[in-house]
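Chain naming here is simple, since letters A, B, ... match the order of the sequence lines and numbering starts at 1 in each. What you see is a predicted model; the values in this text were computed from it and never measured.
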Protein chains: 2
Amino acid sequence: MPSKSTSSFKDGRISKISEATISRLPAYYRALTQLADSAQVRVSSEELAAITGVSSAMLRKDLSHLGSYGTRGVGYEVEFLRYQISREMGLNHDWPVVIVGVGNLGRALAHYGGFGSRGFRVVALVDSDQTLIGTKVKCGAEGKTVDLLVHALSDLEDVIKETNARLGVVATPAESAQGVSDRLVKAGIRSILNFAPIHLSVPDGVDVRKVDLASELQILAFHEQRKAV
Amino acid sequence: MPSKSTSSFKDGRISKISEATISRLPAYYRALTQLADSAQVRVSSEELAAITGVSSAMLRKDLSHLGSYGTRGVGYEVEFLRYQISREMGLNHDWPVVIVGVGNLGRALAHYGGFGSRGFRVVALVDSDQTLIGTKVKCGAEGKTVDLLVHALSDLEDVIKETNARLGVVATPAESAQGVSDRLVKAGIRSILNFAPIHLSVPDGVDVRKVDLASELQILAFHEQRKAV
DNA sequence: ACACATTTGTGCAAAAAAGCACAAATCGTC
DNA sequence: GACGATTTGTGCTTTTTTGCACAAATGTGT
């Protein structure tokens, strides 16, 4: 992970938020959403930290990078803090997502409800398999499903242009992943979520996050093996 | 991530491998497998680093923690290094895996080929949905598929005992994840891969790795938003 | 208005991770 | 068998991340 710290302008000053902090913000956001759903108004750093599994000191320091949104002696207002995090993370925007590779995993991702709920909207499915192209796949979880046509891989650039997709998900086999990535980048995509078990080379300015299921199991196996000794 | 360094005995001495190193070993292993498949005999740290997307210095330091398996002026023997990593990570063992939650994601994981190839074997599927229990689900990728019966969640403990499952995968909705986790732990599972978007509380000695799809997208969105400024 | 109980925000220290630079070891060649 | 070209292994430095401890700020009760 190339942990560059990101800088931005907030009320005039330049604030730097470390990569480690950013990676924890989604968990805070989710916990706050959960608290808001149960109508809780205030929360202490101690409580929020317990829910998200971090130390309260770390939580406070993380939040302090966003601004001073808590009240000493009291805690944080759930809704207010939630809004601040969502704004900082761009979750109030709309994020059109294109999924390349409509195999088992791609389909599971398309169905996945967690995306739609937070500004992420699967707007296009692309695959190279002739038997899949032209078929329709249900996207989104219960309540708000949309049938999406599977487009041909050769139409990738056009599909991205038409749908204005900003985020690309690579759910193809390892062999085709780099090629797909190159075309996504050429089509203007600068943020890629990669499920293929391979390192993607991308030019500067393009972010890639990797989710590697087999690696995770291997890491677990490593620890499991150590326990047995 | 509570990055405790793991210590083990290797040829008499105590070796410590940092969590950061461990998390990169699967990538090295995969690259070496790929090189071995293409019949390459030797590889330099520079080349292997390029494939896996790390710096060559970091790669060498990572590998040096396993032992001195390279030859100065020459590089590393692909097969030999691959074997050493697989041994260190316990990939020559057999790792029976139980998947709890046979929704879209659980099914995709069951189908996923990357597991079977490296000692991981899905031996049991468990769900609470009455309409799923008793049905059969294809496990494994092309070549070596097995039909597995979906067991009732109430039989979780028995299933684990019978199949000797060592690794647990939680692919349930967030609401049921903690309960499932508790029961996995009680049944003797000490390594859990969690796909539910929630922090799992587990006793000491139990490892949890979390894969959070929505979080990954949110982190991408954060960076994407910053780019626009 | 003042003492007191909370809880945040943060300066400082410790630990972990990454990066640099080069000595040590090896191979091929003359 | 010595020399030069490589390439590993590693000590040292820098950066990043985490953890600790407490002052500063707020609300409460008298």
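In this structure, of dT8(C), dG9(C), dT18(D), it is dG9(C) that holds the atom nearest to the side chain of S64(A). Closest to the side chain of S18(B), from the set dA17(C), dG9(D), dT17(D), is dA17(C). Of the candidates dA18(C), dT8(C), dT26(C), dT26(C) carries the atom nearest the T71(B) side chain, counting heavy atoms from C-beta on. Relative to the side chain of R60(A), the nucleotides dA18(C), dT8(D), dT8(C) differ in distance, and dT8(C) lies closest.
Interatomic distance, L167(B) CG to E224(A) CD, rounded to the nearest 0.5 Å: 6.0 Å. Atom CZ of residue R166(A) and atom CZ of residue R190(A) lie 7.0 Å apart, to the nearest 0.5 angstrom.
Between L59(B) atom CG and dA17(C) atom P the separation is 17 Å, expressed in whole Å. Counting to the nearest Å, the C1' atom of dT7(C) and the CG atom of L81(A) are 15 Å from each other. Counting to the nearest Å, the C1' atom of dT15(D) and the CD atom of E19(A) are 14 Å from each other. Between Y69(B) atom OH and dA25(C) atom C1' there is a gap of 18 Å when expressed in whole angstrom units. Taking atom CG of L48(A) as the reference point, atom P of dG9(C) lies 12 Å away to the nearest angstrom. Protein atom CE of M58(B) is 17 Å distant from nucleotide atom C1' of dA21(C), rounded to whole Å. Across the protein-nucleic acid pair, L63(B) atom CG and dT7(D) atom P stand 16 Å apart, rounded to whole Å. Atom CG of D62(A) and atom P of dT16(D) are 16 Å apart (whole Å).
With Y69(A) as the fixed residue, the ring-ring contact (aromatic ring centres under 6.0 Å, His included) test singles out one of F80(A), Y83(A), Y28(A): F80(A).
Nearest-nucleotide mapping onto DNA chain D: of V43(B) and V74(A), the residue sitting toward the 5' end is V43(B). Between A57(A) and R72(A), the residue anchored nearer the 5' end of DNA chain D, judged by the nucleotide with its closest heavy atom, is A57(A).
Using a 4.0 Å heavy-atom criterion, one finds that R24(B) contacts the sugar-phosphate atoms exclusively.
Between R60(B) and E46(B) there is no salt bridge, since no side-chain N of the basic residue sits under 4.0 Å from a carboxylate O of the acidic one.
With hydrogens and angles ignored, no donor-acceptor pair closer than 3.5 Å exists between the side chain of K61(B) and the base of dG9(D).
Looking at K210(A) and S215(A), their side chains never bring a donor and an acceptor atom within 3.5 Å of each other.
Contact between the side-chain N/O atoms of Y76(A) and the OP1/OP2 oxygens of dG9(C) is found at a separation under 4.0 Å. Distances shown here put a side-chain N or O of S45(A) below 4.0 Å from the OP1 or OP2 atom of dT8(C).
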